[in-house]
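Let me begin by presenting the structure, written as structure tokens, before commenting on it.
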Protein chains: 2
Amino acid sequence: MLTVLGIGLLRTILASGHPTAIIPPPRPSTAAQAAGAWLLLRSFANGCTAMTGVEAVSTGSTAFREPRVKIARRTLSFIIGVLALLLAGIAWTCRAYEVSATRPDQSGYQTVLSLITTAVVGRNWFYYLTIVSILMVLVLQANTAFTGFPNVCRAIAQDGYLPYSFTSRGRRLVYSHGIFLLAFLSAALLIAFRGVTDRLIPLFAVGAFLAFTLSQAGMVAHWKRAGGVHARHSMLINGVGAIATAITVVIVIASKFVEGAWITLIAIPGILFLMRAVRRHYDRARHELASPYPLLTAKLHSPIVVVPIEGWNKITQKALRFALTLSSEIIAFQVSTSDEPHDLEKRWGTLVESPARETGLPVPTLKVLRSPYRAVIHPTVNYIHMLEREHPDREIAVVIPQLVEKHWYEYFLHRRRGELLAALLVLEDEPRINIINVPWHLQA
Amino acid sequence: MLTVLGIGLLRTILASGHPTAIIPPPRPSTAAQAAGAWLLLRSFANGCTAMTGVEAVSTGSTAFREPRVKIARRTLSFIIGVLALLLAGIAWTCRAYEVSATRPDQSGYQTVLSLITTAVVGRNWFYYLTIVSILMVLVLQANTAFTGFPNVCRAIAQDGYLPYSFTSRGRRLVYSHGIFLLAFLSAALLIAFRGVTDRLIPLFAVGAFLAFTLSQAGMVAHWKRAGGVHARHSMLINGVGAIATAITVVIVIASKFVEGAWITLIAIPGILFLMRAVRRHYDRARHELASPYPLLTAKLHSPIVVVPIEGWNKITQKALRFALTLSSEIIAFQVSTSDEPHDLEKRWGTLVESPARETGLPVPTLKVLRSPYRAVIHPTVNYIHMLEREHPDREIAVVIPQLVEKHWYEYFLHRRRGELLAALLVLEDEPRINIINVPWHLQA
């Protein structure tokens with residue numbers, strides 16, 4: 001940072017020594033701009049926007065070592081001094097070398113800093129060093145947002161106005177979801193505005209000064225409530241501040257309305273509405289789920305276990321064995337279609353019934369349904385719903401064998417009937433249907 | 001179809017009456033093409049490709065009413081006659097009006113048919129009627145592939161060389177997966193070749209003539225095996241056919257190698273390799289899962305049920321109640337982090353233990369784990385794996401409460417810890433861990 005400032009100072013010093021540009025800057029375009037009061041308003045809005053940089057220091061002041069206030073004051077004074085020096089230097093150099101800004105939405109665009117550096121030192125290694133240094137400072141600057149935004153999201157999420165996931169810290173102690181959201185949003189804005197950040201300034205100005213207005217007004221309310229000796233004096237200062245920034249907001253919106261400030265007039269109420277909706281959902285959900293009472297242990301019946309099966313193989317056997325440990329009422333359910341006509345009705349006695357009877361276990365029954373139109377999943381869902389209606393006081397447990405492949409690309413080689421059935425059963429608003437996944441890890 | 005043919009005939013008749021073009025076609029570009037033997041080879045390859053259209057009739061002959069052979073012969077003769085007439089008419093008109101083809105990869109491209117129609121009748125309603133009619137015929141023509149391709153896929157899938165899903169007919173009695181695949185592949189080809197179908201002809205020619213060669217060679221083998229009076233004669237015909245088409249394949253590959261025929265040399269072995277891999281996977285999986293034996297009913301123990309809980313609410317209570325019906329050994333597992341420090345250890349006695357004891361039910365135990373780095377899911381997974389290792393002869397059932405929202409957009413408002421936990425537990429190759437989803441359908 002100091003290096004760049006040094007280079008900046010050096011540049012202004014060098015500038016006084018070389019009054020003619022090494023590489024002359026492009027001539028200014030004769031853009032006819034509406035002059036007078038309108039121009040004044042616009043420059044006031046731009047100037048106010050430039051002021052907000054100073055505010056970042058006070059936000060970050062908690063990171064200073066003690067005595068905080070003293071160090072923060074010294075830092076602020078130093079920064080303001082450097083800024084004033086740089087700004088004056090740039091303004092003076094611009095006049096001396098006849099540098100004027102190029103339009104950012106046209107080809108051949110350069111920043112004013114790039115134009116000045118080219119004019120003063122030419123396009124050599126020193127030019128690139130300067131530009132890379134400026135880029136580095138801007139990258140560090142961008143980092144500010146990535147520390148602040150996730151914290152704001154967390155604070156809002158803790159009050160229930162944003163999804164809970166913003167409150168959970170990742171393994172690196174940062175609120176990862178907020179960082180991802182900010183990265184996504186800023187990328188989207190850059191793409192939407194085609195990388196011309198100048199067009200984003202109106203959005204920023206409205207947002208920042210609205211925030212200043214609200215915080216100043218909040219301080220007025222604070223002093224009113226707190227009372228005390230200096231209260232009236234402080235109220236006056238904050239009141240003037242609130243009015244000044246409020247006027248700025250109005251000016252920025254009015255003067256930059258067409259250039260993008262209208263977006264904030266839509267976005268801010270929209271975001272507020274969404275946040276209220278999130279909070280309402282959470283309130284309702286909490287109210288629905290809250291229960292301070294002890295566990296109800298009455299009226300507990302073992303569930304009716306349904307095992308949908310396709311054929312007789314090790315997966316079916318594993319699912320049936322697990323079902324036998326859960327309940328005494330087990331129904332194996334098979335759908336027979338014209339494409340898959342084989343059913344287990346004839347072999348059920350030898351395959352399942354006699355072994356179960358011999359070991360004194362409950363005997364699973366087999367239910368085969370002929371499906372004339374080759375549908376398999378929907379008849380199964382319907383059967384389970386029918387079973388649920390027939391037993392209004394029982395829980396239903398559907399044991400779904402799940403094939404787990406070794407490699408992800410084998411996923412498409414097997415029918416996903418189990419997953420589909422589970423998804424359909426869960427999505428229906430039937431609270432007494434529970435899904436039991438019995439996995440089979442394919443070794444092949 | 002007949003209307004279009006009529007228009008085509010009408011056009012050639014009209015052409016003899018108006019020897020000068022109403023709107024003159026663009027001059028031919030003086031593209032220097034390598035003449036002589038090379039040109040002859042190329043036109044032979046193109047001509048052979050054009051012949052394949054006739055073959056579609058014999059493929060579709062099963063759809064004719066009886067007597068099939070007679071009707072099919074009559075149809076073929078009629079089509080060949082019409083084709084010859086149209087081709088001669090187009091060739092003659094091209095010469096008469098000095099129409100020559102434009103390059104399909106340059107702007108201002110028109111088909112030869114469009115050029116002829118413009119030249120003969122001008123750009124009026126009749127031109128657009130003709131072009132729309134041709135388009136309709138081509139759309140019907142494209143349908144051929146959508147009936148044939150899914151059938152081929154089904155046949156291959158039945159032999160286990162493509163995923164099983166290609167064998168299942170949708171509700172409209174067609175093999176939907178094949179249709180989707182064909183639609184996707186043809187769209188991809190059109191995009192890759194930027195809509196210039198001429199470039200696809202080499203691919204088509206190699207594929208079609210390779211198929212003809214294989215089928216003719218197959219017929220030779222068939223006659224050899226079948227024997228009989230006419231066998232030698234038929235073998236000769238099919239043998240000549242096989243050699244002729246094989247030569248065509250070589251010619252097409254050689255003359256159109258750079259234009260795209262090389263793709264088939266990569267794609268065909270690639271597809272064969274993939275299909276063999278699919279078959280190998282199915283063979284291994286079937287071998288692994290096959291079991292003709294009756295159900296093993298020995299050594300069945302009720303499972304250890306683990307209920308991961310976040311706090312005390314109705315979802316937790318529902319999950320615990322369901323767990324109580326399944327087994328006598330229930331462990332509630334809670335992770336306590338610095339972000340979520342509240343645990344149920346002090347209240348467990350009154351909330352769960354005493355009610356369970358009073359009704360003579362098994363008493364669930366609570367296990368609280370302090371997680372210093374705020375991880376919740378991985379400690380849970382580790383605990384369940386530890387439990388599995390400690391009880392090598394028991395099944396583990398993990399009861400995961402699942403929140404089901406009313407609207408899809410509410411999905412992101414709740415932590416998906418349950419889903420994530422279930423996915424992690426299933427993906428691990430631990431066959432004794434079963435997942436039980438207990439749904440809670442949010443009414444809010």
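In what follows, chains are A, B, ... by sequence order, proteins preceding strands, each numbered from 1.
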Test side-chain contact (heavy atoms from CB on, under 4.5 Å) applied to B:Ile436 and A:Val438, A:Asn437, A:Ile436, the passing residue: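 The single option meeting the side-chain contact (heavy atoms from CB on, under 4.5 Å) with B:Ile436 is A:Ile436.
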Taking all heavy atoms of [X] and all of [Y], pick out the closest pair and write down the distance.
X	Y	value
B:Pro303	A:Thr325	CD-OG1, 3.6 Å
B:Leu324	A:Leu295	CD1-CD2, 3.9 Å
A:Pro439	B:Asn434	CD-OD1, 3.5 Å
A:His441	B:Glu428	NE2-O, 2.7 Å
A:Glu288	B:Lys314	O-NZ, 3.1 Å

Most heavy-atom pairs under 4.5 angstrom with chain B, which of [options]?
options	answer
A:Leu296, A:Val278, A:Leu425	A:Leu296
A:His287, A:Lys318, A:Glu358	A:Lys318
A:Ser354, A:Ser327, A:Ala422, A:Pro294	A:Pro294

Heavy-atom contact with chain B under 4.5 Å, split by part of A:Tyr293: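 Only the backbone of A:Tyr293 comes within 4.5 Å of chain B.
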Contact origin within A:Leu326 toward chain B - heavy atom pairs under 4.5 Å: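 Contact with chain B is through both the backbone and side chain of A:Leu326.
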B:Leu300 vs A:Thr359 side-chain heavy atoms within contact, under 4.5 Å: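 Side-chain contact under 4.5 Å: no.
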Sub-4.5 Å side-chain heavy-atom contact between A:Leu442 and B:His281: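 A:Leu442 vs B:His281: side chains touch.
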Contact class of B:Leu289 relative to chain A, heavy atoms under 4.5 angstrom: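 It is both, since atoms from each part get that close.
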Any residue of residues 395-403 of chain A which, by heavy atoms, sits under 4.5 Å from chain B: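 Contacts with chain B: A:Glu395, A:Ala397, A:Gln402, A:Leu403.
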NE2 (B:His378) with more than 12 external heavy atoms under 6.0 Å: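 12 or below, so no.
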Winner by heavy-atom pair count (cut-off under 4.5 Å) against chain A, out of B:Gly311, B:Ser302, B:Pro431: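 Option with the top pair count is B:Pro431.
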Pick from B:Val404, B:Ile315, B:Asn313, B:Val426 with the largest number of heavy-atom pairs that fall under 4.5 Å of chain A: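 Ranked by heavy-atom pairs under 4.5 Å with chain A, first place is B:Val426.
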